Protein chains: 2
Amino acid sequence: MSRRIDPTPSPEPHPSPLRADAERNRLRILVAAREVFAQRGLDVTIDDIARHAGVGVGTAYRRFANREQLVEAVFEEGAEHLIALAEQALTHEDPWDGFVQFFLATAEDFAGDRGLREAFLEGLHGKIRVAAARDRLIPAVSALIARAQQAGQLRGDLESTDFPLLQLMLGAVTEHSRTVAPAVWRRYLVLLLDGLRHDRDHPTPLPHRALDKDEFDQTMA
Amino acid sequence: MSRRIDPTPSPEPHPSPLRADAERNRLRILVAAREVFAQRGLDVTIDDIARHAGVGVGTAYRRFANREQLVEAVFEEGAEHLIALAEQALTHEDPWDGFVQFFLATAEDFAGDRGLREAFLEGLHGKIRVAAARDRLIPAVSALIARAQQAGQLRGDLESTDFPLLQLMLGAVTEHSRTVAPAVWRRYLVLLLDGLRHDRDHPTPLPHRALDKDEFDQTMA
DNA sequence: CCAAACTGGAGAAGCGATCTCCAGTTGCGG
DNA sequence: CCGCAACTGGAGATCGCTTCTCCAGTTTGG
């Protein structure tokens, strides 16, 4: 740990400005981590991230003592976005549409960022920050649910802890079909929504065709 | 490879009867594998299985060259049961009830046997046999779906490849909530079924209470 | 220009699984 | 009930993979 003369014994912020090249590399590592986590999930090695960033492993380890820190740094942004989505959905005029919009938007985030999904839904790493982010998300989700229930559109027995589990279910599809049919999850999202509506006369048409035999085999393999 | 005088150069069946103690141990290993796979999934080591069977690792390796063989041997029975369930469901008088019964029964099988779920839904091991079993299951599932659709009870746009993916979704819940609330999956099963019905006036009451905060945190961690 | 800060990547160290080997034990045909 | 082939158990060799350290060489900035 390098530090210059730093009178304030503040615990958190950068203890001392990094040298220009060091700071540049720190940023490259962060960017690389974002990309690699998003594409390949949280289980990549620090060596992978370093290589992708074009720096040596040593450099990566000097800035981030372990993968945990890297995960949390990258994760923070994703979490922020989810919270923004919730608040935006609450401003939606129609309660049901707001709920659907939020469900869809978060599912899209998770589909586009494997690492985010794993951090949020699989509890793989960085537990502390993740739990904190989830806690910040809960009130908004509860409000979204309550509002749609009061409007008589959403089934009354859905509770706020159900929501992440529904995302987990969808996430399982997303994960497995990732390489074969990266958008089939939308099919099951609509199916879930049809289960969540209070009542309905007809099924909502499913937005993505079903997997054919080949796609199916690959998805399950 | 031990073999006595065996005139027929048959490729597959037991090349020679095992000595009594050897056969006894083979069975113990098989039983142990069944139990360990069911409880802890397919990712257990052969050492674990051997220990659970009360034999040495060497003995286990002598009978089953690799875990694959062990998985397939154990898996076969589970697959057989699923197929029986499908055929039984087809005899159900009411098409919708038959469909629901099959969905429920398979989900129960998967919930009670982690290894079976992983073999069938996660494609972790023993690909050949599993694919074969799935193929045997498809016609029955298709029939079950078609019948319920013709009766106007099941949504018309559901296809047979959708079914295993629905099980996959449910399986994600089962897996995560395993230790905390081993039956919450029933809640989401009903929710899915409400999405699968052609039309309905009211939501079907959910059969299991939602997770509370503590259970939820553990499930996601 | 030079001292301090920083870099890269070879390789040490650790971990956990698979699989082998063989000295000792057991089953069984004669 | 003898003798030997078949079988057993488990210590440990081997492997593959990751994490993390170390330091000779390079870069930065006052």
Side-chain angles (χ1 to χ4, degrees), chain A residues 1-6 14-33 36-37 39-74 115 118 124-126, chain B residues 1-7 13-33 36-37 39-74 115 118 124-126:
Chain A
M1 283 290 118
S2 68
R3 48 165 59 230
R4 301 224 180 113
I5 342 88
D6 183 19
H14 300 291
S16 76
L18 292 173
R19 223 171 70 175
D21 55 345
E23 175 62 15
R24 205 181 314 127
N25 277 345
R26 200 184 67 89
L27 254 30
R28 292 175 70 184
I29 292 167
L30 229 35
V31 169
V36 175
F37 283 148
Q39 282 173 28
R40 319 222 306 262
L42 299 182
D43 267 351
V44 294
T45 66
I46 299 230
D47 292 54
D48 282 332
I49 294 171
R51 198 172 321 118
H52 194 260
V55 306
V57 242
T59 305
Y61 276 100
R62 207 169 310 109
R63 292 292 153 248
F64 303 92
N66 46 50
R67 199 177 42 230
E68 206 80 338
Q69 291 188 23
L70 215 32
V71 171
E72 298 212 328
V74 168
E118 290 181 2
L124 249 46
H125 299 281
Chain B
M1 280 294 115
S2 68
R3 48 166 56 230
R4 299 223 179 112
I5 343 86
D6 183 19
H14 300 289
S16 78
L18 292 173
R19 225 172 68 175
D21 55 344
E23 174 63 14
R24 205 181 313 128
N25 276 346
R26 201 185 65 88
L27 255 30
R28 291 175 71 186
I29 292 167
L30 230 35
V31 169
V36 175
F37 284 147
Q39 282 173 29
R40 318 224 304 264
L42 299 182
D43 267 350
V44 293
T45 67
I46 300 230
D47 293 52
D48 281 333
I49 294 171
R51 199 173 320 120
H52 194 257
V55 306
V57 242
T59 305
Y61 276 101
R62 208 169 309 109
R63 293 291 154 247
F64 304 92
N66 46 49
R67 198 176 44 231
E68 207 80 338
Q69 290 187 22
L70 215 31
V71 171
E72 297 211 330
V74 167
E118 290 180 2
L124 249 46
H125 300 281

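All values reported here derive from a predicted model rather than from experimental measurement.
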*Asks:* Reckon B/Arg63 has a side-chain N or O less than 4.0 Å from the OP1 or OP2 of D/dT8?
*Replies:*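 B/Arg63 to D/dT8 OP1/OP2: side-chain N or O found under 4.0 Å.
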*Asks:* Round to the nearest Å and state the distance from B/Ile29 atom CD1 to D/dC7 atom C1'.
*Replies:*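 Rounded to whole Å, this separation is 12 Å.
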*Asks:* Starting at CZ of A/Arg26 and ending at P of C/dC6, how long is that distance when rounded to a whole Å?
*Replies:* 12 Å
*Asks:* Hey, is A/Asp48 close enough to A/Arg51 for a salt bridge, meaning N to O under 4.0 Å?
*Replies:* yes
*Asks:* Could you check if a side-chain atom of B/Gln69 sits within less than 4.5 angstrom of a side-chain atom of B/Asn66, using non-hydrogen atoms only?
*Replies:* yes
*Asks:* Answer yes or no: is there a donor N or O on one side and an acceptor on the other, between the side chain of A/Glu118 and the main chain of A/Gly41, under 3.5 Å?
*Replies:* no
*Asks:* Please check the phosphate of C/dC6 (OP1 and OP2 only) for any side-chain N or O of A/Arg62 closer than 4.0 Å.
*Replies:* no
*Asks:* Does A/Asn25 make a side-chain N or O approach to OP1 or OP2 of C/dC6 shorter than 4.0 Å?
*Replies:*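 Checking C/dC6 against A/Asn25, no side-chain N or O comes under 4.0 Å of OP1 or OP2.
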*Asks:* Below 4.5 Å, heavy atoms only, C-beta onward: do B/Leu70 and B/Ile29 meet side chain to side chain?
*Replies:* yes
*Asks:* For B/Asp21 and B/Val57, take the nucleotide of DNA chain C holding the closest heavy atom to each; which residue's nucleotide lies nearer the 5' end?
*Replies:*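 Looking at DNA chain C, the more 5' nearest nucleotide goes with B/Val57.
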*Asks:* Return the value, rounded to whole Å, for the distance between atom CZ of A/Phe64 and atom P of C/dC6.
*Replies:*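 Answer to the nearest Å: 14 Å.
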*Asks:* Rounded to whole Å, please give me the gap between OH in B/Tyr61 and P in D/dA11.
*Replies:* 15 Å
*Asks:* Kindly give the heavy-atom pair with the smallest separation between B/Val74 and B/Leu30, and that separation in Å.
*Replies:* CG2-O, 4.2 Å
*Asks:* Return the value, rounded to whole Å, for the distance between atom CG of B/Leu27 and atom P of D/dT8.
*Replies:*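 After rounding, the reported distance stands at 13 Å.
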*Asks:* Between B/Asn66 and B/Arg24, just flag the one whose closest nucleotide in DNA chain C comes earlier from the 5' side.
*Replies:* B/Asn66
*Asks:* Check whether any side-chain heavy atom of B/Arg26 lies under 4.5 Å from a side-chain heavy atom of B/Phe64, and answer yes or no.
*Replies:*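 In contact.
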*Asks:* What I'd like to find out is whether the side chain of B/Leu18 reaches to under 4.5 Å of the side chain of B/Arg63, using heavy atoms alone.
*Replies:*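 Yes - at least one pair of side-chain heavy atoms lies under 4.5 Å apart.
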*Asks:* Identify, residue by residue, the members of residues 46-55 of chain B with a heavy atom below 4.0 Å from DNA chain C, and return them in order of residue number, or none.
*Replies:*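 Contacts with DNA chain C under 4.0 Å: B/Ile46, B/Asp47.
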*Asks:* Looking across every strand, which nucleic acid part, if any, lies under 4.0 Å from A/Thr45 by heavy atom: base, sugar-phosphate, or nothing?
*Replies:* sugar-phosphate
*Asks:* Please evaluate the base of D/dT27 for a donor-acceptor partner in the side chain of A/Arg19 within a cut-off of under 3.5 Å?
*Replies:* yes
